[in-house]
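See structure below.
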Protein chains: 2
Amino acid sequence: MAEVCEVHKQHMDKILKVKKKLPSQEIDLEVSDFFDALGNPSRLNIVFALMEDELCTCDLSNISNLSVSAVSHQLRILKDRKIVTYRKDGKNVFYRLSDNHIKDILKIALEHIKEDH
Amino acid sequence: MAEVCEVHKQHMDKILKVKKKLPSQEIDLEVSDFFDALGNPSRLNIVFALMEDELCTCDLSNISNLSVSAVSHQLRILKDRKIVTYRKDGKNVFYRLSDNHIKDILKIALEHIKEDH
DNA sequence: TCTATATTTGAACATATGTTCAAATATTCT
DNA sequence: AGAATATTTGAACATATGTTCAAATATAGA
């Protein structure tokens, strides 16, 4: 914070009120990590695919036109951020969305994008 | 795509079906840009503040503990991505969330985070 | 046990990102 | 017009990110 601006008295009330309602830094970080996971075209593409069906790493590589390795790296991020879960079946590892909030959010985001033409 | 994995015939049906339903690359990019905007703790903090009230750059600097310049840079990104709008009032520029989808999405994201304890 | 296939992992590299600093604009007030 | 304040802008810099490549694991079948 190098620069300083003067906070007017009328603004001070607002500011204090807003500060009180703000989520903790911990929540802020967790939520931004969540959005960050969806904020990359390759990962989002994977997530869109998983909205439709359970898919293995190889399938996702095929669908997304990414190398198997790149997909696997991105899946690790999605796994860490609790956006996908997986089950092993022989040599395959099948991924799916971890809960319905993800779908809800994606649907609203799609609406949002389509609305501002 | 350096590595190759064999796609089994049973998987091929799935893959084609999923591919058909996938959003276009353009939509994918727009939606991931949208999430990307929310995927940074500083910007998300600004957005959380704007959920509560309309605020000017100086107020937001105060609330977020970022320099005025840093806030302004981040606001430009939020403006470009259509997440906030602004109105000028004298020397101040007041920002607000551009539509209710943003609030809806933030609420669901907060629920999502709080659920996986 | 050996081979083939699916997946993961780690290092390396180029690119993207966020903040700071200094300077430029914009607006109001005297 | 000149001073003061709010905001924006652009360059610079350090850090983070995404992909590739090569190598390591894991599992199934011969």
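Every chain is numbered from 1 and lettered A, B, ... according to where its sequence line falls, protein lines coming before strand lines.
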Do Asp36(A) and Arg81(A) sit within salt-bridge range, that is, some charged N less than 4.0 Å from a carboxylate O? yes

Angle between ring planes, Tyr86(A) versus Tyr95(A), binned at 30° and 60°: parallel, tilted or perpendicular? tilted

Identify whether NZ of Lys or CZ of Arg in Lys88(B) sits under 6.0 Å from the centre of the six-membered ring of Phe94(B) and within 45° of that ring's axis. no

Distance under 6.0 Å and angle within 45° of the ring axis: does Lys82(B) meet both against Phe34(B)? no

Using side-chain heavy atoms (C-beta onward) and a distance below 4.5 Å, is His112(B) in contact with Ile102(A)? yes

Given side chains that start at C-beta, do those of Arg43(B) and Leu38(B) come closer than 4.5 Å, heavy atoms only? no

Would you tell me if any nitrogen or oxygen in the side chain of Tyr95(A) comes within less than 4.0 Å of OP1 or OP2 on dT8(C)? yes

Kindly say if Asn92(A) contacts the phosphate of dT7(C), meaning a side-chain N or O under 4.0 Å from OP1 or OP2. yes

[N] [atom2] sits how many Å from [X] [atom1], rounded?
X	N	atom1	atom2	answer
Asp89(B)	dA6(D)	CG	C1'	12 Å
Arg76(A)	dG10(C)	CZ	P	8 Å
Lys91(B)	dA3(D)	NZ	C1'	10 Å
Ile46(B)	dT7(D)	CD1	P	13 Å
His11(B)	dT7(C)	NE2	C1'	14 Å
Leu75(A)	dA6(C)	CG	P	16 Å
Phe94(A)	dT27(D)	CZ	P	15 Å

Please compare Lys88(A) and Val71(B) by the position of their nearest nucleotide in DNA chain D and report the one closer to 5'. Val71(B)

Report yes or no: do Ile113(A) and Leu29(B) belong to one cluster of Ile/Leu/Val/Met/Phe/Trp/Tyr joined by side chain heavy-atom distances under 4.5 Å? no

Contacts to DNA chain C from residues 47-60 of chain A, heavy-atom cutoff under 4.0 Å, which residues? Cys56(A), Thr57(A), Cys58(A)

Do Ser69(A) and dT9(C) share a donor-acceptor pair, side chain to base, under 3.5 Å? yes

Atom pairs, protein N/O to nucleotides 16-19 of chain D N/O, distance under 3.5 Å:
{"from": "dG18(D)", "atom 1": "OP1", "to": "Asn40(A)", "atom 2": "ND2", "distance (Å)": "3.1"}
{"from": "dG18(D)", "atom 1": "OP1", "to": "Arg43(A)", "atom 2": "NH1", "distance (Å)": "3.3"}
{"from": "dG18(D)", "atom 1": "OP1", "to": "Arg43(A)", "atom 2": "NH2", "distance (Å)": "3.2"}
{"from": "dG18(D)", "atom 1": "OP2", "to": "Arg43(A)", "atom 2": "NH1", "distance (Å)": "3.1"}
{"from": "dT19(D)", "atom 1": "OP1", "to": "Ser42(A)", "atom 2": "OG", "distance (Å)": "2.7"}
{"from": "dT19(D)", "atom 1": "OP2", "to": "Gln74(A)", "atom 2": "NE2", "distance (Å)": "2.5"}

Near Lys17(A) NZ, under 6.0 Å, is it more than 12 heavy atoms from other residues, nucleotides or ligands? no

Set of residues satisfying salt bridge (charged side-chain N to carboxylate O under 4.0 Å, His left out) with respect to Arg87(A), sequence neighbours excluded: Glu54(A)

